[in-house]
Amino acid sequence: MLCSATTTWEGLAVTKSKAEFKSEGLDALRIYLLAQPEAVRQSDLARHFGVNRSTIGRWLVSLEANNVPLLWDEQKRVAIDRKQYITHLRLTRHESIVLMLALRLYQLQQDKSDRNGVAMLEKLGIALRQGVAPEAGEHVLALAHQQRRALLDQRSDYQRVLEAMGDAWIDSRKVQIRYRPLRARRAFDDVFHPYLLEPSPLGHGTYAIGYSEIAQAVRIRKLERVERTPLVLDERFTVIPDFDAFRLLGSAWRIWFDEGAEPVTVKLRFTDEQAIRRMGETAWHPSQRAERDREGHLIWTAEIDEPQEMLPWIRSWGASCEVLEPKELRAQVVGEVRRQMRRYGIHEVSPENRQQRFDDIFG
């Protein structure tokens with residue numbers, strides 16, 4: 001005959017069997033410990049759940065027996081070791097497809113090995129193979145095994161930076177970094193509060209957005225420009241009240257933003273029909289507007305925080321794309337075209353052959 005007990009946590013009083021009581025108690029204790037920023041005394045846990053300390057002690061032993069990693073400090077306070085804790089995720093078959101595509105996209109946009117990404121792909125392949133899609137699981141595992149063979153024996157500098165910055169982000173802890181901007185001759189030290197991590201397909205980079213103590217403002221730090229492994233500090237940070245990631249990135253082309261400036265209107269003209277069709281296949285920016293002019297060309301307009309970030313994308317269209325606004329961006333592109341013409345010797349060609357030479361080089 002099963003004994004009964006009464007749960008009292010969260011203001012509830014429900015009669016349960018002993019087995020049900022323990023099962024629900026273990027789950028509630030695990031969730032509660034994960035939600036705590038610091039280690040907790042057993043007496044405080046007993047008071048929170050309305051049970052004896054001996055019951056809490058048995059629950060903690062059961063959690064460890066169920067592979068929940070626990071940490072104890074010198075004051076006998078307990079916490080879940082988040083670095084060792086394995087998150088359990090249940091996915092439908094269609095959610096599994098999305099996760100596989102997301103992992104593959106992440107790996108393709110990275111130009112550096114990432115053993116964590118490979119491990120995730122392996123786990124997904126095993127889950128698919130053992131579950132609803134054995135053949136698809138084998139395909140995913142083959143991809144993962146191929147990538148694992150290409151991994152370096154040791155973690156790369158970038159991997160260490162990513163993991164340290166990721167730990168600081170997950171635990172809301174400040175991190176000491178040495179950072180060298182692209183145009184700077186030397187690096188500087190900063191205490192950074194990573195509010196979020198954001199990938200960018202341009203340049204295959206990963207960025208941390210957060211508060212810089214040296215600048216006393218929100219800043220972007222590209223992980224590839226962080227020199228040496230960051231030091232995660234014990235001190236926690238709180239996100240500043242007016243921080244709004246969606247507002248900051250809403251007008252960015254990819255990752256650059258200017259917190260104190262109004263977005264700039266960028267207007268482009270696409271003349272090639274194939275390029276016009278390609279433009280219509282993708283929503284390039286939330287603010288974009290597109291319409292045909294009288295000649296049938298596509299006029300594409302968007303509000304962008306930092307138009308300079310668009311330059312690689314604009315260049316990729318070649319002669320099919322013409323910058324109309326802003327004037328500064330148009331002048332910069334024109335200057336680059338003139339320098340390229342000199343580089344290829346187009347200025348030395350006779351006027352009647354200059355257009356043909358230009359078309360040969362720039363499409």
Side-chain angles (χ1 to χ4, degrees), residues 3-90 116 119-120 123 155 159-177 189-197 208 210-211 213 228-241 243:
C3 299
S4 65
T6 303
T7 60
T8 59
W9 57 87
E10 298 181 358
L12 297 176
V14 182
T15 301
K16 298 285 184 181
S17 71
K18 185 176 181 180
E20 291 173 330
F21 175 72
K22 181 178 180 181
S23 176
E24 293 186 9
L26 289 178
D27 196 47
L29 177 59
R30 177 184 59 82
I31 293 172
Y32 181 76
L33 287 175
L34 284 172
Q36 305 311 304
E38 303 288 348
V40 186
R41 293 184 178 88
Q42 291 190 56
S43 57
D44 292 334
L45 291 173
R47 190 177 303 110
H48 175 79
F49 289 102
V51 298
N52 296 326
R53 285 188 61 179
S54 59
T55 301
I56 290 295
R58 289 193 296 270
W59 285 1
L60 292 172
V61 171
S62 295
L63 283 181
E64 288 189 299
N66 284 279
N67 299 317
V68 176
L70 299 181
L71 288 175
W72 303 84
D73 64 14
E74 295 177 353
Q75 300 177 6
K76 302 299 183 181
R77 296 179 302 184
V78 64
I80 289 180
D81 185 354
R82 289 174 172 80
K83 291 184 179 180
Q84 301 299 324
Y85 180 74
I86 298 176
T87 300
H88 298 278
L89 187 64
R90 295 181 178 181
N116 294 316
M120 287 183 64
K123 291 177 181 178
R155 287 187 305 165
Q159 184 94 53
R160 287 191 285 268
V161 171
L162 175 61
E163 291 176 359
M165 193 69 79
D167 287 338
W169 168 60
I170 289 175
D171 296 332
S172 297
R173 294 187 183 276
K174 299 180 181 181
V175 60
Q176 178 80 41
I177 64 173
D189 293 324
D190 191 12
V191 174
F192 191 71
H193 308 182
Y195 291 169
L196 60 91
L197 300 178
Y211 184 82
E213 292 194 0
R228 76 187 186 192
T229 304
L231 175 62
V232 181
L233 306 177
D234 291 334
E235 188 177 359
R236 294 182 179 274
F237 65 81
T238 55
V239 178
I240 57 178
F243 177 75

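Quick note: numbers below take in every heavy atom, side chains included, and nothing from hydrogens, waters or symmetry partners. Just so you know, these numbers come straight off a predicted model, no measurement behind them.
Between Phe243 and Leu196 the shortest heavy-atom distance is CZ-CD2, 4.0 Å. When all heavy atoms are compared, the tightest approach of Asp27 to Arg30 is OD1-NH2, 2.5 Å. Residues Ala164 and Val232 approach most closely at O-CG2, 3.4 Å, considering heavy atoms. Of all heavy-atom pairs between Tyr195 and Ile240, the closest is OH-N, 3.3 Å.
Using bins of under 30°, 30° to 60° and over 60° for the plane-to-plane angle, the ring pair Phe49/Trp59 lands in the perpendicular bin.
Under the 4.5 Å side-chain criterion, counting only non-hydrogen atoms from C-beta, Ile177 is not in contact with Asp189. Side-chain contact between Leu45 and Val51 is absent, with no heavy-atom pair separated by less than 4.5 Å. Put simply, the side chain of Asn116 reaches to within 4.5 Å of the side chain of Glu163, judged on heavy atoms. Here the side chains of Arg173 and Asp167 are not in contact, with every heavy-atom distance at 4.5 Å or above.
Interatomic distance, Ile56 CD1 to Arg47 CZ, rounded to the nearest 0.5 Å: 11.0 Å. Atom CD1 of Ile80 sits about 9.5 Å away from atom CG of Leu60, to the nearest 0.5 Å. Atom CG in Leu197 sits 7.5 Å away from atom CE in Met165 (nearest 0.5 Å). Note that the CD atom of Glu213 and the CD atom of Gln176 stand 8.5 Å from one another [nearest 0.5 Å]. For the atom pair CZ (Phe237) and CZ (Phe192), the distance works out to 9.0 Å, reported to the nearest 0.5 Å. Rounded to the nearest 0.5 angstrom, Leu162 CG and Thr229 OG1 are separated by 11.5 Å.
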Which atom pairs, donor and acceptor, lie under 3.5 Å between side-chain atoms of residues 31-43 and protein residues at least two apart or in another chain?
from	atom 1	to	atom 2	distance (Å)
Gln36	NE2	Tyr32	O	3.0
Glu38	OE2	Arg236	NE	3.2

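At least one donor-acceptor pair under 3.5 Å links the side chain of Asp73 to the backbone N or O of Gln75.
Heavy atoms of other residues, nucleotides or ligands lying less than 6.0 angstrom from CG of Asp234 number 12 at most.
The salt bridge (charged side-chain N to carboxylate O under 4.0 Å, His left out) check on Arg58 picks up nothing, with sequence neighbours excluded.
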